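The structure appears right after this line, and notes come after that.
In listed order, ligands and their atoms are each counted from 1. For reference, positions follow the sequence shown, starting with 1. All values reported here derive from a predicted model rather than from experimental measurement.
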Amino acid sequence: MIFAVVVLCVLSSVCSARVVIVVNKGGFSGVEAGAYAEERVDWRDDDLVDDAACTECFAAVELRRFLVRCTDLKAGEIVFGGVGELPLQGDVFILGSRESNPLTGKNRMGKKVVNSEGFAITAKRDGGRIVTVIEGGGRVGVLYGVYEYIERLGVRFYGLGDVYDDRAGKRAEARDYFYTLKDGKRFNYDRVTEYKVPSAGTVYPAGKVGLIEELDIAEEPSYLTRGFHVSLDRGNEEFYRWMARRRFNYWTAKAEGKTLLHKLGIRLSGGGHVVQSLCLPPAGQWPYNHVKFKGDEDKPADPFGVSAEYIADADGDGKLSYFEAHPEWYGLIGGKRSDNIRGEFGHNFCTSNADARRELAENVVRELILGAWREVDVLNFWMLDNAKWCECSECVRQGSYTDRLMVVAGDVLAAIKRARADGRLSREVLVVLPAYRGTLAGPTKKIAGLDYEGLSVTFFPIERCYFHEFSDEKCGINGPMRRNLAEWTSKEGNYAGPMFIGEYYNVSLFKSLPIVYGDLMAADVRWYYGQGARHFDFMHVLTRDWGSWGYDYYLLSRLLWDVGADGDAVQAEYIAGCYPSCSAEMGRFFQLCGKVTPAFTAMRIWGWTEKLMDKKAEVFGDNHLAYKADGDGDKFGIVEAIRYYDQAEKLIEKAYTRCEQGLQKQRVAETRQRFYYGKASLHFYYHLVNVSRSWRAGEDAQAKAEFSQVKQWAAKLREVKELVHAASNDANCEDGFAATRKGVVVYEFFDKIYGNGEE
Ligand SMILES: [Zn+2]
Ligand SMILES: [Zn+2]
């Protein structure tokens, strides 16, 4: 027996190792091979064994990489072992779920982890060694558990970048960024603008640390969906890796490199306003053998029969279209059936027509299986954008627009359920409806038989106020929206499913200004959760050159995972971790930036700038905005915002001078750079307001002097380019001056009066 053990040790090399990571490599030749085999895995079938092996091998390789970085272990001293038996010697990590690695259950007391993203970690001394079990409810839970362990060693994923990445600090090219200019021409700046992959976001412990000797924790997420509302491919590998490390799990199916996203446990969204164009296209060819039409005999039998309103091949193109076969399926607008469904716009179909709903639902399933949405996990089921709705008496009887949408959704859910049951669709799909514009109000009735748990409704608090928390009764802007949300969430209401919150942290008009939400975001995320929200995304996340946005992204990641997290402690930890030698200055800096946030919201969203050009209009008074607040707690003043920013500037300059060369300085520099974009924007508006005030008072000399200030800030803003190219096309802009949008109009107005070509 002794002889046999010796032979085994020689063969396996496990015995000489100081650490063995036990993981199931599935059918892959080795753990390293499995960790990067995402291209070879079929992520869309019902066989989850290869999916688990790939992600769990990757988790094992990540664990080894960070152990080598943080402890005194050398790469050669950490080996991978199979899941058959516990190694006899050395410290051991057991990675997996109860399904993929039975050793997890044998070596960890406590309940099986149920949530597929949840994990439990135990570490304990076993004789002279440490046995650590990282058990996930599924493969993603295993990966998250590994990152949790790594964080407990002292690593923090505060931002993009990882100095151990080969591409850190190098310049890489982005794809598919464009901005539509006023004349409709597309300006594709990222073909010419390269960018630097940031490398300063990962923080390591100061010295070498040892393995954790005792640990017993279990976690699962508060919010089930945590991520970003994105409609274009605009990510990059650094960003996706950071997403997984901070447990974000939601991105777009438009992304390239989807296999990497699958490996990292990131679910993909699709759909939008195009659903009807794709699944009930009026001009699309009738897909069945219509009994009255010749030339379609090779098609499947027609399940719908002949319509009384059948118009044959009315346009004489030799083909029968959906609209020609069944005009009554489409919206009755002004007494006529309308075939106006073009892309995202037009007239919604006749939602009271059960045949139309059934065909639409079956076509949605077809797209999910084979078509445009074959990679989609979360389907945004939206009606046409800003559309007219069918005016027929049956549709009117259906109820409000929201009620009609719920009926259509019921048929889609039922069709998906059938496809899941008969094996045609081999994955779960969450259907998400919009509470937006026409369907912002909650339903007025319940729908019998609707599987509410299979869907969600996204509530979009568009143009909300960021001066007040969403729950704050004092706010007249958020009040009506909050009442709409309550129609969805109240116990007496007619909606019984979970809510999806679609926040606007970088709403397109903000153009990636250095906005800081801090405490307000923490309070909102907790409050939304209390109202029944279980899914959360926001628009126009920056995928590079974050600057101060990193502060909120980190805070958000912690709160979405655990709404009970202490927001103050998270913010303090971020400051201390990112800026250890200038934390006092940077802590105060972020607080001051937070105080300026409502000013930016007011200036960019609420269209007050137009009033600057109207001598009779009252510029201030609405939307909590004042020229000077003078201590009035219900208002914020543009003058105070300038003062806060002056103080913030002194602090960040002090921090920059003070902190040592290296990663910390890089972080301050990145934050400082975006801050100056914010400063230029703020001063541009401030002096524009002063021009208008002097103009109104007839003080032309003063107005002219102020306008020369405006010009200087406008020139600075024109130099801001890469910083306004870091988000989506909607939130991006040609330069910082164009990003002021209406500001440009006001600028041109006063340029004619006070400009005179003088500098
Ligand atoms: Zn109708
Ligand atoms: Zn407010």
* **Proximity of His229 and His540 rings by center, below 6.0 Å** => no
* Asked: Does a side-chain N-to-carboxylate-O contact under 4.0 Å join Arg643 and Glu640?
  -> no
* Asked: Can we call the ring centroids of Tyr288 and Trp286 under 6.0 Å apart?
  -> yes
* Taking the six-membered ring where the residue is Trp, are the ring centres of Phe459 and Phe500 under 6.0 Å apart? -> no
* Structure fact -> Angle subtended at the Zn ion (ligand 1) by Cys395 SG and Cys392 SG, to the nearest 10 degrees, is 110°
* Which N, O or S atom of His624 lies nearest to the Zn ion (ligand 2), by name -> NE2
* To do: Report, rounded to 10°, the angle at the Zn ion (ligand 2) between the two atoms SG (Cys475) and SG (Cys465).
  => 120°
* **Identity of the N, O or S atom of His468 lying closest to the Zn ion (ligand 2)** => ND1
